[in-house]
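Single-structure report; data block below.
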Number of protein chains: 2
Amino acid sequence: MTIHLAESGDGAVLQPCSHDYQVNCGNCRLNSICLPLALESDDIQLLEDIIQRSKPLQKNQHLYREGDDFQSVYAVRSGTLKAYKTTDDGKEQVTGFYFPGEILGMDGISNNAHASSAKALETAAICEIPFTSLEKLSSLMPSLQRHFFQLMSREITEDQQLITLLSKNSADERVASLMLSISSRYARRKLSATQFRLPMSRVDIGNYLGLTVETVSRVFSRMQKMDILQVDNKEIRILDLPGLQKMANVAG
Amino acid sequence: MTIHLAESGDGAVLQPCSHDYQVNCGNCRLNSICLPLALESDDIQLLEDIIQRSKPLQKNQHLYREGDDFQSVYAVRSGTLKAYKTTDDGKEQVTGFYFPGEILGMDGISNNAHASSAKALETAAICEIPFTSLEKLSSLMPSLQRHFFQLMSREITEDQQLITLLSKNSADERVASLMLSISSRYARRKLSATQFRLPMSRVDIGNYLGLTVETVSRVFSRMQKMDILQVDNKEIRILDLPGLQKMANVAG
DNA sequence: CGACTACATTGATTCACATCAAGGTCGGGA
DNA sequence: TCCCGACCTTGATGTGAATCAATGTAGTCG
């Protein structure tokens with residue numbers, strides 16, 4: 001059990017902030033990822049009205065913790081977060097990484113309490129979407145209801161991909177798949193698909209993929225030796241994308 | 001690639017059936033599991049009107065296949081199904097078992113195509129719930145919309161449990177957890193929590209848990225030797241529930 | 001600046017589960 | 001009834017990743 005020193009006194013509570021961040025859904029660079037809706041502009045305004053933007057999360061600060069009352073889902077505007085669960089015997093399982101444009105917190109709906117914790121891997125700006133407002137709006141806007149069902153369904157299929165990865169694939173394949181996944185998530189934001197910085201530690205990668213740090217490190221070394229990847233601490237450059245895909249041995 | 005000989009010519013298409021099965025949601029023994037809604041009786045009638053009951057699925061018959069157009073979600077009325085994905089290199093990954101009262105097919109929403117296949121492990125009766133009707137009804141009935149969001153969220157949290165199990169737990173713990181999960185699902189239906197028949201093969205269990213048949217078999221033998229379980233092929237009797245829980249080492 | 005701490009790499013050894021191999025058991029069909 | 005094929009169990013051996021151990025590197029704070 002670590003104590004999160006970096007966390008400020010008010011903890012994970014997001015205070016609606018008076019100063020504007022000059023962002024709204026209409027002009028947000030990420031809206032094609034976050035809400036790829038054929039929304040009418042007045043529909044966007046309705047959504048806009050319920051979304052709360054708040055002061056950024058610092059590195060290691062929690063957005064919410066396992067067991068917290070579920071109030072909202074969250075969209076990442078900048079930075080990266082990890083979601084994780086703590087098992088009964090105190091071990092940690094990273095269940096996902098969330099990049100800009102992605103939505104997290106949906107696992108809290110079923111029990112009205114968050115089933116996992118979410119903390120910032122680096123400074124992160126977040127859009128908070130109060131769930132009851134979202135529900136009401138969904139009833140009025142079929143396309144929004146549909147979109148949200150799809151988002152949750154996507155979370156399910158992605159979890160199933162991870163289940164398959166953990167159950168059927170070797171260490172090499174797992175790490176390669178994660179690199180490809182991160183690469184495509186950068187590409188989706190019009191950033192380089194072949195050169196990027198990993199926001200998470202080797203421990204987090206290993207934890208997510210069901211491997212130890214040492215194994216992750218060895219896989220990176222191996223990939224480097226094979227001229228598939230160039231690894232400089234957290235800086236990654238993909239040198240041989242087809243080679244990486246072959247190593248991953250999965251569609252992902 | 002197996003050919004499913006048991007499958008009848010019309011494949012997975014469910015034909016609405018003229019003869020009544022004397023079942024409706026109002027009197028269904030499973031409705032506390034399937035739709036634990038404080039539904040007004042006229043609300044139940046509205047739901048009733050969109051649900052289609054059809055002729056039972058025979059063992060090994062598919063309810064839907066990976067890639068099929070997504071039209072409906074399904075509730076199991078009797079029997080058991082398994083859901084599975086086929087990986088690029090032809091391996092199979094079992095992603096879940098579905099018992100009476102449980103809902104499957106929600107992974108198809110995100111892409112309008114089923115992300116996995118579902119086949120009957122034994123003769124099974126199914127309620128089909130056309131999704132577009134469900135969506136429309138959800139807009140009108142906030143409690144139904146909420147319920148469906150919760151169902152999907154539960155699927156997410158359960159998948160995350162499995163991810164943790166695969167990533168962090170030993171063969172013994174995995175098998176013990178599955179036995180406890182099945183036990184509690186029987187208990188929920190007011191059936192014996194300590195004596196039941198496994199509807200799935202050892203291969204399916206191993207596949208679901210990321211283990212080989214041999215390992216599953218050995219774990220059962222070990223549990224039997226420890227007087228935790230009595231195993232007679234597919235008949236299971238839990239002799240020492242606390243012992244089994246201790247072996248599982250997880251809350252699930 | 002230098003020292004402390006968290007993070008990352010690399011090597012040696014161990015171990016849990018996979019793989020390979022051989023029988024055993026059950027259930028359905030001729 | 002007996003036979004066949006699918007399913008299950010058990011044993012012997014192999015191996016990929018965990019564990020243990022040591023060293024290297026980067027970022028941080030007094």
Side-chain angles (χ1 to χ4, degrees), chain A residues 2-6 58-60 82 91-94 119 121-123 165-176 178 197-226 229-236 247 249, chain B residues 2-6 58-60 82 91-94 119 121-123 165-176 178 197-226 229-236 247 249:
Chain A
T2 9
I3 293 158
H4 304 285
L5 295 168
Q58 294 308 308
K59 181 172 173 173
N60 289 326
K82 73 166 173 178
K91 283 177 287 187
E92 195 175 300
Q93 172 67 43
V94 174
K119 75 149 78 159
L121 293 172
E122 56 196 329
T123 308
L165 198 67
L166 291 173
S167 168
K168 295 279 180 299
N169 294 98
S170 67
D172 282 6
E173 290 164 340
R174 294 184 209 182
V175 176
L178 179 60
R197 183 181 175 76
L198 296 176
M200 73 291 282
S201 69
R202 300 284 191 272
V203 176
D204 286 335
I205 293 176
N207 194 319
Y208 177 70
L209 295 175
L211 301 169
T212 58
V213 212
E214 294 95 323
T215 300
V216 173
S217 190
R218 276 185 252 270
V219 173
F220 276 136
S221 302
R222 216 173 297 151
M223 285 172 158
Q224 186 142 241
K225 202 165 291 167
M226 294 168 76
L229 232 60
Q230 190 180 308
V231 185
D232 177 15
N233 199 2
K234 299 201 163 161
E235 290 295 333
I236 300 289
M247 190 166 188
N249 200 26
Chain B
T2 9
I3 293 160
H4 304 283
L5 294 168
Q58 294 307 307
K59 183 173 173 173
N60 289 325
K82 72 166 173 178
K91 285 176 289 189
E92 197 177 298
Q93 172 68 43
V94 174
K119 74 150 75 163
L121 293 172
E122 56 196 329
T123 308
L165 197 68
L166 291 173
S167 168
K168 295 278 181 298
N169 294 98
S170 67
D172 282 5
E173 291 164 339
R174 293 183 211 182
V175 176
L178 179 60
R197 184 181 173 76
L198 296 175
M200 73 292 282
S201 70
R202 300 285 192 270
V203 177
D204 286 335
I205 293 176
N207 195 319
Y208 177 69
L209 295 175
L211 302 169
T212 58
V213 211
E214 294 94 326
T215 299
V216 174
S217 189
R218 276 184 252 268
V219 173
F220 276 136
S221 302
R222 216 173 297 151
M223 286 171 159
Q224 185 144 239
K225 201 166 293 167
M226 294 168 76
L229 233 59
Q230 189 180 308
V231 184
D232 177 15
N233 200 3
K234 299 199 165 164
E235 290 296 333
I236 300 288
M247 190 165 187
N249 200 26

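Within every chain, numbering begins at 1; the chains are lettered A, B, ... in the order of the sequence lines, protein sequences first and strands thereafter. This structure is a prediction, so every number in the text was calculated from the model and none was measured.
The bend of the helix from C:dC1-D:dG30 to C:dA30-D:dT1, defined by the angle between the axes of its first five and last five pairs, stands at 30° to the nearest 10°.
Residue contacts for B:S217: at a heavy-atom cut-off of 4.0 Å it reaches a base atom on one of the strands shown.
Taking each heavy atom of A:G206 and A:V216 in turn, the nearest pair found is CA-CG2, 3.5 Å. Heavy atoms only, all atoms of each residue included: A:E122 and A:P199 are closest at OE2-CB, 3.5 Å.
Proximity of A:M223 to A:V175: side-chain heavy atoms (C-beta onward) are separated by under 4.5 Å at one or more points.
The distance from atom CD of B:E235 to atom P of D:dC7 is 18 Å, rounded to the nearest whole Å. In this entry the distance linking CD of A:Q224 with P of C:dT9 reads 9 Å, nearest Å. Separating the CZ atom of A:R202 from the C1' atom of D:dG27 is a distance of 15 Å, rounded to the nearest angstrom. Protein atom CD of A:E122 is 17 Å distant from nucleotide atom C1' of C:dC7, rounded to whole Å. One can place CG of A:N207 at 13 Å from P of C:dA8, the figure rounded to the nearest angstrom. One can place CG of A:L121 at 14 Å from C1' of C:dC7, the figure rounded to the nearest angstrom. The separation between A:K225 atom NZ and C:dT10 atom C1' is 10 Å, rounded to whole Å. Whole-Å rounding puts the B:K59 NZ to D:dC7 C1' distance at 10 Å.
Put simply, CG on A:L121 and CG on A:D204 are 6.0 Å apart, with the number rounded to the nearest 0.5 Å. Distance check: A:L198 CG to A:I205 CD1 gives 5.0 Å after rounding to the nearest 0.5 Å.
The closest donor-acceptor contact from the side chain of A:E173 to the backbone of A:N249 lies at 3.5 Å or more, if one exists at all. A donor-acceptor contact shorter than 3.5 Å links the side chain of B:R202 to the backbone of B:N233.
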Stepwise, does the side-chain hydrogen bond (donor to acceptor under 3.5 Å, both in side chains) test hold for B:N207 with B:K91? CA-CA 10 Å; B:N207 195 319; B:K91 285 176 289 189; over 6 Å; no

Salt bridge (charged side-chain N to carboxylate O under 4.0 Å, His left out) between B:E92 and B:K82: does it pass, once the steps are laid out? CA-CA 12 Å; B:E92 197 177 298; B:K82 72 166 173 178; 3.2 Å; yes

Can you give me the N/O atom pairs linking the protein to nucleotides 25-30 of chain C at distances under 3.5 Å, or say none if there are none?
none

Hey, what are the protein-to-nucleotides 17-19 of chain D N/O distances that come in under 3.5 Å?
unit_1: D:dA17; atom_1: OP1; unit_2: A:A171; atom_2: N; d: 2.7
unit_1: D:dA18; atom_1: OP1; unit_2: A:G210; atom_2: O; d: 3.4
unit_1: D:dA18; atom_1: OP1; unit_2: A:T212; atom_2: N; d: 3.4
unit_1: D:dA18; atom_1: OP2; unit_2: A:T212; atom_2: N; d: 3.3
unit_1: D:dA18; atom_1: OP2; unit_2: A:T212; atom_2: OG1; d: 3.0
unit_1: D:dA18; atom_1: OP2; unit_2: A:T215; atom_2: OG1; d: 2.3
unit_1: D:dT19; atom_1: O4; unit_2: A:R218; atom_2: NH2; d: 2.9

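Results of the side chain to side chain contact (heavy atoms under 4.5 Å, CB included) test with B:S167 over A:L165, A:V94, A:L166 single out A:L166 as the only residue that passes.
Taking the charged nitrogens against the carboxylate oxygens, A:E235 and A:R197 do have a contact shorter than 4.0 Å, which makes a salt bridge.
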